[in-house]
Trainee: 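Structure below; questions to follow.
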Number of protein chains: 2
Amino acid sequence: MSRKGAQSREHILGTSRELVMEKGFAGTSIDDILRKAGVSKGAFFHHFGSKAELARELVRWHAGQDIEMFRTLAARAEATHDDPYDQLMMFLQGFETYISNPEQPSRGCMYAVYTYENAQFDEQVRGIVSEVLREWTAIYIRKFQEVLDVHPPRMEVSARQLAEMIVSIIEGALVLQRAYGKTDMTARQSRHFRDYLALLFDKPAQAAAA
Amino acid sequence: MSRKGAQSREHILGTSRELVMEKGFAGTSIDDILRKAGVSKGAFFHHFGSKAELARELVRWHAGQDIEMFRTLAARAEATHDDPYDQLMMFLQGFETYISNPEQPSRGCMYAVYTYENAQFDEQVRGIVSEVLREWTAIYIRKFQEVLDVHPPRMEVSARQLAEMIVSIIEGALVLQRAYGKTDMTARQSRHFRDYLALLFDKPAQAAAA
DNA sequence: ATGAAAACAGACTATTTGGTCTGCATTGAG
DNA sequence: CTCAATGCAGACCAAATAGTCTGTTTTCAT
């Protein structure tokens with residue numbers, strides 16, 4: 001693939017991303033994409049064999065992005081703190097900063113879009129989506145287990161419960177954020193969850209982060 | 001409207017409900033509805049002037065259902081207990097029973113579908129959706145305020161924070177429930193939230209409900 | 001019973017949709 | 001520079017889509 005070819009492909013992919021997040025997958029026609037991206041039908045079908053392939057590439061792109069974000073935040077947290085509780089807290093704070101980026105306020109979660117439109121997609125795409133969500137949960141489970149191994153909680157609770165709760169909260173907050181245009185909903189919910197953790201593990205509330 | 005007319009209208013509305021929840025609004029064609037409902041195009045457009053009107057009627061139907069559910073559960077809880085904390089707990093338990101109905105496991109929240117597809121809808125429909133979500137939150141805020149007025153929490157927390165948290169959790173859990181086919185995700189998350197409340201308000205954990 | 005209004009059936013239409021195909025332009029390795 | 005591979009433009013197509021219209025059947029108050 002030539003330099004310009006790759007560039008053009010990225011451009012189409014980026015435009016599609018925005019449109020799909022804005023109008024949903026079924027609600028976004030290929031002509032919509034062509035219009036907004038300013039490219040021809042020939043260009044589109046040169047880079048993507050079909051709309052289904054676009055769906056696959058889109059979800060792969062997001063999966064890649066998110067894994068990278070997770071890894072970066074996790075690495076930073078683990079480099080800064082030894083205690084898994086502190087690591088987790090710092091990780092969540094990092095997420096809050098990331099999701100609150102005022103440059104491009106998040107309009108929702110692409111996996112939620114794909115989940116509610118899953119009838120549109122083939123088994124492969126559905127697999128990637130649930131795989132990513134499972135992976136997120138799994139990462140949290142491991143980390144919470146580390147925390148539980150060191151800090152006795154004030155009530156009986158499993159690592160899985162806590163992991164599924166934070167993932168649910170984030171997903172739900174993104175729905176509400178979009179539903180009534182409150183761009184800080186997700187970060188606020190994450191912060192509240194951290195307060196819950198502080199209470200659960202009997203830690204003093206930390207100074208409020210940025 | 002004749003008896004059979006109303007009946008037929010309900011039938012179309014019910015079928016549309018299922019299809020939209022299954023495939024999204026943009027992903028559901030009128031022909032899909034006609035096929036599944038076994039009615040003719042003439043019948044459909046006799047009852048609904050357009051697809052947009054169907055969208056309006058659908059969201060109105062859901063709003064009506066949910067308000068009724070909320071009122072019923074709230075009334076029962078308030079009739080059983082005097083303490084707002086106990087009322088809230090019973091309300092949430094009632095919700096868990098409702099959402100866990102094994103007859104028709106919930107495939108998600110229609111408002112989330114509408115939220116992520118909001119570009120498809122007119123201002124009126126978008127208004128109803130955010131109105132319902134706001135109303136839910138408002139009801140919870142009032143109830144949490146009552147609780148906070150009586151029971152001192154173990155950490156500083158506002159009624160709004162708690163209200164938005166439970167709504168987020170439910171919305172998010174419904175996404176996860178659908179994403180990986182775990183039909184009990186929502187009820188479990190609600191239960192975990194109740195445990196959090198028990199910890200927050202320093203109440204003994206109640207015997208696990210059904 | 002009857003007649004007008006409501007309920008429906010389904011052919012038809014204009015537009016949009018995802019996708020193909022042919023031919024021209026650009027790129028970059030040799 | 002050359003030329004084959006890549007990148008791209010846009011006319012074209014068949015199917016699907018939302019919606020219309022005309023005519024027939026059903027309903028129900030009188």
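Throughout, protein chains are lettered first and strands after them, A, B, ... in sequence-line order, and every chain is numbered starting at 1.
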Trainee: Using a distance-only test with no angle check, is there a side-chain donor-acceptor pair under 3.5 angstrom linking B:Gln87 and B:Asp83?
Mentor: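 No, no side-chain donor-acceptor pair sits under 3.5 Å.
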
Trainee: Scan nucleotides 24-30 of chain D nucleotide by nucleotide, 5' to 3', and note B when protein non-hydrogen atoms come under 4.0 Å of the base, S if they reach only the sugar-phosphate, - if neither.
Mentor: ---SS--

Trainee: Give the residues of residues 17-28 of chain A touching DNA chain D, defined as any heavy atom closer than 4.0 Å, sorted by residue number.
Mentor: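 Within residues 17-28 of chain A, no residue comes under 4.0 Å of DNA chain D.
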
Trainee: Whole Å only: how far is the CZ atom of B:Phe44 from the C1' atom of C:dA7?
Mentor: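 Taking atom C1' of C:dA7 as the reference, CZ of B:Phe44 is at 15 Å.
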
Trainee: My understanding is that only residues two or more places apart in sequence, or in another chain, count here; which of them pass side chain to side chain donor-acceptor pair (under 3.5 Å) with B:Asp82?
Mentor: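 Partners of B:Asp82 under the side chain to side chain donor-acceptor pair (under 3.5 Å) test: none.
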
Trainee: Where does the angle between the aromatic ring planes of A:Phe193 and A:Tyr196 fall among parallel (under 30°), tilted (30 to 60°) and perpendicular (over 60°)?
Mentor: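 If you compare the ring of A:Phe193 with that of A:Tyr196, the planes turn out perpendicular.
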
Trainee: Kindly give the atom pairs (protein nitrogen or oxygen, nucleotide nitrogen or oxygen) under 3.5 Å for nucleotides 9-11 of chain C.
Mentor:
from   : atom 1 : to      : atom 2 : distance (Å)
C:dA9  : OP2    : B:Ser40 : N      : 3.2
C:dA9  : OP2    : B:Ser40 : OG     : 3.0
C:dG10 : N7     : B:Gly42 : N      : 3.3
C:dG10 : O6     : B:Gly42 : N      : 3.4

Trainee: Using whole Å, report how far CD1 of B:Ile33 lies from P of D:dA16.
Mentor: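 One finds 17 Å between P of D:dA16 and CD1 of B:Ile33, rounded.
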
Trainee: In whole Å, I'd like the distance from the CZ atom of A:Arg9 to the P atom of D:dC8.
Mentor: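 It works out to 12 Å between those atoms.
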
Trainee: Could you tell me how far apart B:Glu53 (CD) and D:dG19 (P) are, to the nearest whole angstrom?
Mentor: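 In whole Å, D:dG19 P and B:Glu53 CD are 10 Å from each other.
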
Trainee: So if I take every side-chain heavy atom of A:Phe45 and compare against C:dC8, D:dG19, C:dT20, which nucleotide ends up nearest?
Mentor: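 Of C:dC8, D:dG19, C:dT20, C:dT20 is nearest to the side chain of A:Phe45.
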
Trainee: Can you see whether A:Gln65 engages A:Arg17 through a side-chain donor-acceptor pair at a distance of less than 3.5 angstrom?
Mentor: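 Absent: no donor and acceptor within the cut-off.
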
Trainee: If only atom types and distance count, is the side chain of B:Lys51 paired as donor or acceptor with the main-chain N or O of B:Phe25 below 3.5 Å?
Mentor: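 Answer holds: yes.
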
Trainee: Please state whether the phosphate of D:dA16, meaning OP1 or OP2, lies under 4.0 angstrom from any side-chain nitrogen or oxygen of B:Ser29.
Mentor: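 No, no such contact exists.
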
Trainee: Using a heavy-atom distance cut-off of less than 4.0 Å, which residues of residues 115-126 of chain B contact DNA chain D?
Mentor: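 Per residue number, the list is empty: none.
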
Trainee: Find the distance A:Asp31:CG to D:dA16:P and express it as a whole number of Å.
Mentor: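 Going from CG in A:Asp31 over to P in D:dA16 covers 18 Å.
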
Trainee: Do A:Arg9 and A:Glu57 meet the salt-bridge criterion of a basic N to acidic O distance under 4.0 Å?
Mentor: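 Salt bridge flag = yes for A:Arg9 with A:Glu57.
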
Trainee: In terms of side-chain heavy atoms of A:His47, which of D:dC8, C:dG19, D:dA18 is nearest?
Mentor: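 Nearest to the side-chain atoms of A:His47, counting from C-beta on, is D:dC8.
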
Trainee: So if I take every side-chain heavy atom of A:Ser50 and compare against C:dA6, C:dG19, D:dC8, which nucleotide ends up nearest?
Mentor: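 Selected nucleotide (nearest to the side chain): C:dG19.
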
Trainee: What is the separation between atom NE2 on B:His46 and atom C1' on D:dT20, rounded to the nearest whole Å?
Mentor: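 B:His46 atom NE2 is separated from D:dT20 atom C1' by 15 Å.
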
Trainee: Is the phosphate of D:dG7 approached by A:Ser8 (side-chain N or O, under 4.0 Å from OP1 or OP2)?
Mentor: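 No.
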
Trainee: Under 3.5 Å, is there a donor-acceptor pair linking the side chains of A:Glu164 and A:Thr137?
Mentor: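 The answer is no; no qualifying pair exists.
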
Trainee: To the nearest angstrom, how far is A:Arg35 atom CZ from D:dG10 atom P?
Mentor: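 Distance, rounded to whole Å: 15 Å.
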
Trainee: Donor-acceptor check, side chain of A:Tyr111 to backbone of A:Ala63, threshold 3.5 angstrom: yes or no?
Mentor: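 Yes; judged by distance alone, with no hydrogens or angles, the pair exists.
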
Trainee: Please determine if B:Arg134 forms a cation-pi arrangement with A:Tyr180, meaning its NZ or CZ atom is less than 6.0 Å from the six-membered ring centre and no more than 45° off the ring axis.
Mentor: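 Yes.
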
Trainee: Verify, without hydrogens or angle tests, whether A:Gln161 (side chain) and A:Ser158 (backbone) share a donor-acceptor contact under 3.5 angstrom.
Mentor: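 Yes, A:Gln161 side chain to A:Ser158 backbone: donor-acceptor pair under 3.5 Å.
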
Trainee: If the threshold is 4.0 Å, N to carboxylate O, is there a salt bridge linking B:Arg142 and B:Glu146?
Mentor: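 Salt bridge absent between B:Arg142 and B:Glu146.
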
Trainee: Using the benzene-type ring in the case of Trp, are the ring centres of B:Phe70 and B:Phe91 under 6.0 Å apart?
Mentor: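 Centroid separation for B:Phe70 and B:Phe91: below 6.0 Å.
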
Trainee: Only pairs at least two apart or in different chains count here, so list each salt bridge (charged side-chain N to carboxylate O under 4.0 Å, His left out) that has a residue in residues 108-128 of chain B.
Mentor: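 Residue pairs passing salt bridge (charged side-chain N to carboxylate O under 4.0 Å, His left out), neighbours aside: B:Arg56-B:Asp122, B:Glu123-B:Arg126.
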
Trainee: Is it the case that the side chain of B:Gln189 and the backbone of B:Ile170 share a donor-acceptor pair, with hydrogens and angles ignored and the cut-off at 3.5 Å?
Mentor: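 Pair absent, no side-chain N/O of B:Gln189 close to backbone of B:Ile170.
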
Trainee: C:dA6 P sits how many Å from B:Gln7 CD, rounded?
Mentor: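 Answer to the nearest Å: 19 Å.
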
